[in-house]
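Inspection log for the structure reproduced underneath, given as structure tokens.
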Amino acid sequence: EADIYQTPRYLVIGTGKKITLECSQTMGHDKMYWYQQDPGMELHLIHYSYGVNSTEKGDLSSESTVSRIRTEHFPLTLESARPSHTSQYLCASAGQGRRYGGYTFGSGTRLTVV
Amino acid sequence: SQQGEEDPQALSIQEGENATMNCSYKTSINNLQWYRQNSGRGLVHLILIRSNEREKHSGRLRVTLDTSKKSSSLLITASRAADTASYFCATDGDTGFQKLVFGTGTRLLVSP
């Protein structure tokens, strides 16, 4: 069973609302990532972090922001949701060095903005 | 830009048959990984092969890597209905920072 948790699992929200997607992991991983995936499509990296107080933008431009105040927590925030933000958001984490064995993914948050 | 492309985009087979999926990538890599995604869920890590390895096995999975052709293949032997999922290859480019770039995925359907 995955040790990385995303909430909520599904979210339907109106345009203009502020939302925060939660992601927490219990593995002590330093590296965490957010990917965006439209149904049946590839994943696009939107944010990543190599540790506390470290955040970087990914390859796909996103209007969202992230924070990394604690190792285990990597929330993603949209200040003003729009229908174009409708997608699935996947959080992942990875260990360092000899602990690296690929990514562990959460179950995802499917966001619909109406 | 997209790093990996999988081929075929979709594959439909009967239980017991073997399934082969191919992945091509563009840059040099430290490692290549394969993941499975069940419908609407997160991805599950299947296997990692390093750039100095040519073949790796894990249960019914066999992965090959040809760095000269920048390609990899995933073979699932004796497939089961439970293997029905999308399969993605992912590479870390050559940044050394373990930022994975995912391919377009192969949708596998295994019929009983």
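Residue numbers start from 1 in every chain, and the chains themselves are labelled A, B, ... in the order their sequence lines are given, proteins ahead of strands.
- Residue Trp34(A) is grouped with residue Ile13(A) when hydrophobic side chains (ILVMFWY) are merged at heavy-atom distances under 4.5 angstrom, including chains of intermediate members.
- Contact detail for His45(B) and Tyr103(A): the closest heavy-atom pair is CB-O, 3.7 Å.
- Counting non-hydrogen atoms of neighbouring residues, nucleotides and ligands closer than 6.0 angstrom, the CZ atom of Arg9(A) exceeds 12 such neighbours.
- Contacts between Gln37(A) and chain B at a heavy-atom distance below 4.5 Å involve the side chain alone, from C-beta outward.
- At a threshold of 4.5 Å between side-chain heavy atoms, the hydrophobic network of Ile, Leu, Val, Met, Phe, Trp and Tyr places Leu108(B) and Leu75(B) in two separate groups.
- Val44(B) and Tyr87(B) are assigned to two separate hydrophobic clusters, defined by single-linkage of ILVMFWY side chains at heavy-atom distances under 4.5 Å.
- Residue-environment remark: CD (Gln9(B)) stays at or below the threshold of 12 foreign heavy atoms within 6.0 Å.
- Under a cut-off of 6.0 angstrom, the local environment of CZ in Arg80(B) is sparse, with at most 12 non-hydrogen atoms contributed by other residues, nucleotides or ligands.
- For Arg41(B) against Leu90(A), the heavy-atom pair with the smallest separation is O-CD2, 4.2 Å.
- Contacts between residues 107-114 of chain A and chain B, counted as heavy-atom pairs separated by less than 4.5 Å, involve Ser107(A), Arg110(A).
- Most heavy-atom pairs under 4.5 Å with chain A, from the set Leu46(B), Leu48(B), Leu100(B), Ile47(B): that is Leu100(B).
- Within the 4.5 angstrom heavy-atom criterion, no atom of Asn38(B) approaches chain A.
- For the pair Phe102(B) and Met41(A), the minimum side-chain heavy-atom distance is 4.5 Å or more.
- The contact list for residues 81-88 of chain A toward chain B, using heavy atoms and a distance under 4.5 Å, reads Gln88(A) by residue number.
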